[in-house]
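Quantities reported herein were computed from a predicted structural model and do not represent experimental measurements. Order of the sequence lines sets the chain letters (A, B, ...), proteins ahead of strands, with each chain counted from 1. What's counted below: heavy atoms across the whole structure, side chains too, no hydrogens, waters or symmetry copies.
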Amino acid sequence: MKIATFNVNGIKSRLPNLLEWLQREQPDVACLQELKALDGVFPQAELREAGYHALWKGQRSWNGVAILTRGGEAVEIRRELPGDPGDEQSRYLEAAVDGIVVACLYLPNGNPQPGPKFDYKLSWFERLLQHAQALWRSRHPVVMAGDWNVVPTDFDIYNPRSWRKDALLQPESRACWERLLGQGWTDAIRKLHPQEAIYTFWDYFRQHWEKNSGLRIDHLLLSDELSSCLQAAGVDTWVRGQPHASDHAPTWVQLDLGRLAGRPR
DNA sequence: ATGCCTTGTACAACAAGA
């Protein structure tokens, strides 16, 4: 099973790019972020035509997440990250797909920092830590996939100097990430490619794509059960080089679910 | 220190992204 995460940066404007990627790479599950669209204009029919069922949670102008599945339909588990009923930003969607729990998340950017947006980022991350702990203890096979807006280490960015004050590199953001790994989760890309500079985002400024000046901020974290199923992980960088591309590239894992305990081979 | 570029909203110019 191939599970991917892709920050599309506007699903209406990005639909041709999204459809081309789905057709070429055929992910079984695709977690999308930054739909930037209300629920009513989500391109359900076009995606259905391409062979994908969808769950989505939109919002006007900003945020918005979706889970696409090929073959079986995803069964929605929750549409909000627990812990703050007053949080109205569409950043979390969780579903069961073929016996796996898929959490699609869009962690707040947090800039400028310090300030209220950075406070929101950290409090959102605290809520995620709480919920991740519950998911871990459930012992279900879980993948948490999305745009985490965290550059885990200085190895995950082309040059940390000019980003030192950015919310994505702050020690507080990285400490939350480390605490998550401390719960036991596997950072799939790093597990399989420990020595390789791998990026998932290249901003639109300063010809950063052309110079490969990227950041690794889109991540897939695997629970214990799923980490033993991990066969391959990568980034579909060709998508970033297409005309009219998102500033993120799809990031994915290939899992051999036959290795799950209790499953027929 | 700021803009760089892009999207959405709405139709000018700003908010937000990272």
Handout entry: Below 4.0 Å: OP1/OP2 of B:dG17 and any side-chain N or O of A:His248
Key = no
Exercise for the section: Report yes if the ring of A:Phe205 lies under 5.5 Å from the six-membered base ring of B:dC4 with planes under 30°, and no otherwise. Expected result: yes
Handout entry: Separation of B:dA18 P from A:Trp148 CH2 (nearest whole Å)
Key = 15 Å
Exercise for the section: Determine the Euclidean distance between corresponding P atoms of B:dA16 and B:dA10; express it in Å to zero decimal places. Expected result: 14 Å
Exercise for the section: Check the distance between B:dT2's P and A:Trp163's CH2 and give it to me in whole angstrom. Expected result: 16 Å
Practice task
Pick the P atom in B:dA15 and in B:dG3, then give their distance to the nearest Å.
Solution key: 12 Å
Handout entry: Pairwise C1' distance, B:dG17 and B:dC4 [rounded to whole Å]
Key = 13 Å
Handout entry: Neighbours of DNA chain B within residues 102-110 of chain A, by heavy-atom distance under 4.0 Å
Key = A:Tyr106, A:Asn109
I'd like a table of donor-acceptor pairs (distance under 3.5 Å, sequence neighbours excluded) in which one partner is a side-chain atom from residues 40-56 of chain A, with atom names and distances.
| from | atom 1 | to | atom 2 | distance (Å) |
| --- | --- | --- | --- | --- |
| A:Tyr52 | OH | A:Pro27 | O | 2.6 |
| A:His53 | ND1 | A:Gly71 | O | 3.4 |
| A:Trp56 | NE1 | A:Asp39 | O | 3.2 |

Check the interface with nucleotides 10-14 of chain B: list each N/O to N/O pair with the protein under 3.5 Å, or write none.
none

Completion exercise
In numerical order, the residues of residues 6-24 of chain A whose heavy atoms come under 4.0 Å of DNA chain B are A:Asn7, A:Asn9, A:Gly10, A:Lys12, A:Ser13, A:Arg14
Fill in the blank from the handout: Rounded to whole Å, the CH2-C1' distance (A:Trp202 to B:dA18) equals 14 Å
Handout entry: Canonical and wobble pairing (Watson-Crick, G-U, under 3.5 Å) of DNA chain B, dot-bracket with |
Key = ....(((((...))))).
Practice task
Between B:dT6 and B:dA18, how far apart are the C1' atoms? Round to whole Å, please.
Solution key: 12 Å
Practice task
Assign A:Asp218 to base, sugar-phosphate, or nothing according to its heavy-atom contacts below 4.0 angstrom with the strands shown.
Solution key: nothing
Exercise for the section: Return the value, rounded to whole Å, for the distance between atom OH of A:Tyr204 and atom P of B:dA18. Expected result: 10 Å
Fill in the blank from the handout: Of the listed B:dT7, B:dA18, B:dT9, the closest approach to the A:Asn111 side chain comes from B:dA18
Fill in the blank from the handout: Contact check, residues 113-127 of chain A vs DNA chain B, heavy-atom distance under 4.0 Å, returns A:Lys117
Practice task
Tell me whether the OP1 or OP2 atom of B:dT7 has a side-chain N or O from A:His244 closer than 4.0 Å.
Solution key: yes
Practice task
Would you check, one step at a time, whether the test ring pair (Phe, Tyr, Trp, His ring centres under 6.0 Å) holds for A:Trp177 with A:His219?
Solution key: CA-CA 11 Å; A:Trp177 174 260; A:His219 310 297; 4.5 Å; yes
Problem - Per A:Ser61 side chain, nearest of listed nucleotides B:dA1, B:dT9, B:dA16 - result: B:dT9
